[in-house]
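Below: the structure, in structure tokens.
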Amino acid sequence: MDVLLDALAYLRDADSWTGQGGMLELLVQQLLVTVTALAAAMLVGLPVALWLGHLGRGGFLAINISNVGRAVPTFALLAIFVAGDAWAWTGGAFPGTGTVGPYGRAGISTLVALALFALPPLITNAYVAVREVPPEVRESARGMGMSGWQQFRRAELPLALPLVMSGVRLALVQVWATATIAALVAGPGLGRVITDGFFRTDYGKGIAGAIVVAAVALVLEVLAAAVQRWLDPVRRAARTGERAVSPEVSTLEPAAREGG
């Protein structure tokens, strides 16, 4: 109980939040690292997974390669990347421990490790989302003479978008929570508060950092869920009266909903 009271006292102290190294600065650092790593993973993983889903090929290989990330601890990857520039060819910047702009010490190593960690849910959800589009929709699009790209863009992608966004939402929260490990290599983020608190036997400080990480995770989850609902083409169509998919294949929309 005393530890929780100490944590609350630490959180109420304005000095804990302000100034260099304060929790506000560390929170912004962790958000920046999280968003950048997630954006990099989306840029690499989503196009490949969506197109493999459209082709119906290579999914087993892609999903299983990405799932290697689930088996290898992110901290192990981070430790390997930190030691990666053994000959100092890049001055320790890539991957190494060098300071890289706002990402701080070991910034590139942290970003790469977190981006790899984000790939499994992104790739799995995107691939499955496209493959679960009802075959009648594809047949209808093909029957209308649509090219592969048109079929993907106008029929498959709108129906797959909710599940794709679910993967992004899951990856976002996971990456945010995992980004605290950057502190173990003196990297940026709120993990510094947690590790410093426990290192100095100031458990209230450590718990305070953990509370902030958990609270922000909940906020991100709620925001991501709201964005997911807003982007859902079926919900948008219900609100605006527009069609969720291309008008040419919209006659099959009810079947798509039942299949999805």
Side-chain angles (χ1 to χ4, degrees), residues 35-71 114-175 220-260:
V35 171
T36 305
L38 180 63
M42 290 173 64
L43 193 63
V44 172
L46 285 186
V48 175
L50 290 171
W51 196 244
L52 287 176
H54 168 72
L55 297 177
R57 301 172 188 166
F60 178 81
L61 184 63
I63 291 173
N64 282 280
I65 289 176
S66 70
N67 280 342
V68 171
R70 298 183 196 270
L114 292 176
L116 291 175
F117 179 68
L119 283 176
L122 292 175
I123 291 179
T124 302
N125 278 44
Y127 178 81
V128 171
V130 177
R131 292 313 304 159
E132 285 192 348
V133 171
E136 305 88 58
V137 174
R138 294 195 180 89
E139 290 171 7
S140 177
R142 277 195 294 269
M144 294 173 185
M146 289 187 183
S147 65
W149 168 247
Q150 289 173 326
Q151 176 185 327
F152 169 76
R153 182 175 63 84
R154 301 170 69 177
E156 293 173 337
L157 185 59
L159 295 175
L161 196 55
L163 191 52
V164 174
M165 285 304 302
S166 176
V168 174
R169 175 181 161 190
L170 177 62
L172 171 64
V173 177
Q174 287 184 345
V175 169
L220 291 176
E221 169 70 16
V222 171
L223 291 176
V227 172
Q228 182 182 353
R229 288 173 62 87
W230 183 72
L231 289 177
D232 187 333
V234 176
R235 293 180 184 277
R236 295 182 68 181
R239 287 195 300 268
T240 63
E242 298 175 351
R243 296 182 176 90
V245 296
S246 174
E248 291 86 342
V249 294
S250 62
T251 55
L252 290 173
E253 184 184 336
R257 292 186 204 178
E258 292 171 7

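Every heavy atom of this structure was used, including side-chain atoms; hydrogens, water molecules and symmetry mates were not.
The environment of CZ in R57 is sparse: at most 12 heavy-atom neighbours from other residues, nucleotides or ligands sit within 6.0 Å.
Distance CG/L55 to CZ/R131: 8.5 Å, rounded to 0.5 Å. Rounding to the nearest 0.5 Å places CG of N125 at 9.5 Å from CD of E132. Atom CG in L220 sits 13.0 Å away from atom CD in Q174 (nearest 0.5 Å). Separation of atoms CD (Q228) and CG (L163) is listed at 8.5 Å; rounding is to 0.5 Å. Here L161 contributes atom CG and S166 contributes atom OG; the two are 11.0 Å apart, rounded to the nearest 0.5 Å. Atom-to-atom distance recorded for M146:CE and S140:OG is 7.5 Å, nearest 0.5 angstrom.
Counting only heavy atoms from C-beta outward, the side chains of R138 and V130 approach each other to under 4.5 Å. In this structure, V137 and E156 have side chains that are not in contact, with every pair of non-hydrogen atoms separated by 4.5 Å or more. Counting only heavy atoms from C-beta outward, the side chains of V48 and V44 never approach each other to under 4.5 Å.
Taking the six-membered ring where the residue is Trp, F152 and H54 present perpendicular rings, their angle passing 60° and hence far from 30°.
Shown here for A37 and L114, the closest heavy-atom pair between the two residues is CB-CB, 3.6 Å.
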